2 protein chains.
Amino acid sequence: MMNEKQRATSRFLIKQRLFIKLYLLKYIEDGRLYGIQMLEQIRDRFQSEGYKPNHADIYRALHELVDSGVIKASKRKLTEDSYQEILIYYIRDTQKAAIIKEQGIKELKDSAALLKKALDDLED
Amino acid sequence: MMNEKQRATSRFLIKQRLFIKLYLLKYIEDGRLYGIQMLEQIRDRFQSEGYKPNHADIYRALHELVDSGVIKASKRKLTEDSYQEILIYYIRDTQKAAIIKEQGIKELKDSAALLKKALDDLED
DNA sequence: TCATGAACATAGTGTTCATTA
DNA sequence: TAATGAACACTATGTTCATGA
């Protein structure tokens with residue numbers, strides 16, 4: 001088991017790490033993308049919001065998902081005649097993936113609710 | 001001037017520090033509360049969301065606002081016959097306060113929009 | 001004793017460097 | 001050379017300790 005760690009007594013908004021994991025799981029379920037491609041997808045999606053995660057964020061999230069047994073990596077060649085290797089990911093444990101997604105969606109909703117409350121309080 | 005610091009290339013959600021400053025400015029404008037009271041106000045407000053900032057968060061935010069000339073502190077006795085001293089805050093620079101509020105509201109809105117987008121993408 | 005504030009430790013994250021084929 | 005991964009540094013934040021009247 002992973003979660004011996006004590007939960008923080010306070011919780012503000014969803015952490016970027018979890019946010020990224022949610023998108024990674026979605027991309028991994030949908031199709032065959034490697035790390036940098038998933039990074040580009042997220043950047044494109046949030047370009048207008050100015051959110052531009054860096055590659056270390058994506059790799060750290062992928063590694064945590066691999067280490068916790070949620071996904072697995074498979075080495076491929078970028079093209080047939082290419083020397084460049086890439087890593088394609090697959091869901092390894094659907095149950096664990098579902099738990100992460102459920103928890104993540106919950107935190108997304110809680111965060112949205114918290115921000116809405118603040119906007120009601122603070123907006124002119 | 002304060003903001004020589006380079007803006008981060010990436011921006012995810014609003015930082016807790018700024019979030020707290022917005023509420024502090026509101027409380028300071030509205031009435032005469034000291035630090036711990038403002039902390040309790042925020043905790044009460046977000047009790048149902050499970051957001052429970054600690055006292056260091058509030059003091060750090062207050063000190064930054066004082067150091068940047070936005071507010072000023074005034075020493076008081078808790079009660080007439082009390083030895084306990086408290087600090088009551090006042091707006092010192094309305095202009096600076098307005099800038100912080102404006103920027104904060106903007107980040108609140110941006111954050112809310114980002115979360116909404118993610119929920120649309122990720123929710124079942 | 002309680003409000004304030006400082007010290008300390010750690011987590012999260014952005015930037016830079018390294019590796020591999 | 002591009003994709004991956006590691007190292008490093010710094011910021012944000014939570015916890016604990018200290019102070020003053």
Side-chain angles (χ1 to χ4, degrees), chain A residues 3 5-21 24 32-43 50-67 71-89 107, chain B residues 2-21 24 32-43 50-67 71-89 107:
Chain A
N3 267 14
K5 202 193 315 182
Q6 214 57 272
R7 166 145 282 306
T9 57
S10 176
R11 175 175 45 92
F12 184 49
L13 299 175
I14 186 173
K15 290 285 186 298
Q16 185 181 196
R17 183 78 47 89
L18 177 55
F19 183 92
I20 287 176
K21 282 181 186 177
L24 294 179
R32 317 207 155 181
L33 301 176
Y34 55 93
I36 295 292
Q37 285 180 322
M38 294 193 274
L39 171 63
E40 291 304 328
Q41 292 272 328
I42 295 176
R43 284 182 172 174
Y51 173 47
K52 187 170 177 297
N54 54 50
H55 79 275
D57 290 320
I58 268 63
Y59 286 124
R60 277 189 288 244
L62 283 170
H63 296 163
E64 280 188 9
L65 289 172
V66 170
D67 293 345
I71 63 174
K72 58 177 183 290
S74 175
K75 211 172 282 188
R76 293 277 185 279
K77 278 187 166 24
L78 182 55
T79 61
E80 200 55 42
D81 56 349
S82 170
Y83 56 81
Q84 178 68 61
E85 286 187 333
I86 58 176
L87 290 177
I88 301 293
Y89 293 90
E107 293 203 16
Chain B
M2 300 231 63
N3 266 15
E4 262 89 78
K5 202 192 315 180
Q6 212 58 271
R7 167 144 282 306
T9 58
S10 175
R11 176 174 45 92
F12 184 48
L13 300 175
I14 186 173
K15 289 285 187 298
Q16 186 181 195
R17 182 77 47 90
L18 177 54
F19 184 91
I20 287 175
K21 283 181 184 175
L24 295 180
R32 316 206 155 180
L33 301 177
Y34 55 92
I36 295 293
Q37 285 179 322
M38 294 192 274
L39 170 63
E40 291 304 329
Q41 292 272 326
I42 296 175
R43 284 182 173 176
Y51 172 47
K52 189 171 176 295
N54 54 50
H55 79 276
D57 290 320
I58 268 65
Y59 287 124
R60 276 190 289 244
L62 284 171
H63 296 163
E64 281 189 10
L65 288 173
V66 170
D67 292 346
I71 62 175
K72 59 176 183 291
S74 175
K75 213 172 279 189
R76 293 277 183 281
K77 279 189 169 19
L78 182 53
T79 62
E80 200 55 45
D81 57 348
S82 171
Y83 55 80
Q84 177 68 60
E85 286 187 333
I86 59 176
L87 290 177
I88 300 294
Y89 293 89
E107 293 202 18

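Because the structure is a prediction, the values reported are computed rather than measured. Throughout, a chain's letter reflects where its sequence line sits, starting with A, and its residues are numbered from 1.
- Taking atom CZ of A:Arg76 as the reference point, atom P of D:dT4 lies 13 Å away to the nearest angstrom.
- In this pair, A:Tyr59 and A:His63 present their aromatic rings parallel. The plane angle is below 30°, not in the 30 to 60° band.
- Neither OP1 nor OP2 of D:dA12 sits under 4.0 Å from any side-chain N or O of B:Gln16.
- Taking atom CD1 on B:Ile20 and atom C1' on D:dA12, their separation rounds to 11 Å, with Å as the unit.
- In this structure, CD1 of A:Ile58 is placed 17 Å from C1' of D:dA2, rounded to the nearest angstrom.
- In this structure, A:Gly35 and B:His55 both approach DNA chain D, and ranking their closest nucleotides by distance from the 5' end singles out A:Gly35.
- A donor and an acceptor atom never sit less than 3.5 Å apart when one is taken from the side chain of A:His63 and the other from the base of D:dG5.
- The aromatic rings of A:Phe12 and B:Tyr51 sit tilted relative to each other, their planes meeting at an angle between 30° and 60°.
- The two residues A:Gln16 and A:Pro53 have their closest heavy-atom pair at OE1-CB, 4.0 Å.
- When heavy atoms are screened at a 4.0 angstrom cut-off, A:Tyr89 is found touching the sugar-phosphate backbone but no base atom.
- The distance from atom CZ of B:Phe12 to atom C1' of D:dT13 is 16 Å, rounded to the nearest whole Å.
- Relative to the side chain of A:Ala56, the nucleotides D:dT13, C:dT15, C:dG14 differ in distance, and C:dT15 lies closest.
- Listed nucleotides: D:dT1, D:dA12, C:dA3. Nearest to the side chain of B:Arg17: D:dA12.
- One interatomic measurement links the two molecules: NZ of A:Lys15 to P of C:dG14, which rounds to 13 Å at whole-angstrom precision.
- The side chain of B:Gln84 places no N or O atom within less than 4.0 Å of a non-bridging phosphate oxygen (OP1 or OP2) of C:dT4.
- Toward the 5′ end of DNA chain C lies the nearest nucleotide of B:Ile86, the other residue of the pair B:Ile86 and A:Lys77 mapping further downstream.
- In this structure, A:Leu87 CG and A:Lys72 NZ are separated by 13.5 Å, a value rounded to the nearest 0.5 Å.
- Among the atoms of the strands shown, only primed sugar atoms or phosphate atoms (P, OP1, OP2) are found under 4.0 Å from some heavy atom of A:Leu87.
- Counting heavy atoms from C-beta outward, A:Met38 and A:Tyr89 have side chains that approach closer than 4.5 Å.
- Computed from coordinates, the A:Phe19 CZ to C:dT13 C1' distance equals 15 Å when rounded to whole Å.
- Residue side chain B:Arg60 reaches the base of D:dG14 through a donor-acceptor N/O pair under 3.5 Å, judged by distance alone.
- Regarding contacts with the backbone of D:dG5, every side-chain N or O of A:Tyr59 stays at 4.0 angstrom or more from both OP1 and OP2.
- Rounding to whole angstrom units, CG of residue B:Leu39 and C1' of C:dG5 are separated by 14 Å.
- Rounded to an integer number of Å, the gap from B:Leu78 CG to D:dG20 C1' is 15 Å.
- Under 4.0 angstrom from either OP1 or OP2 of D:dA3 there lies no side-chain N or O belonging to A:Gln37.
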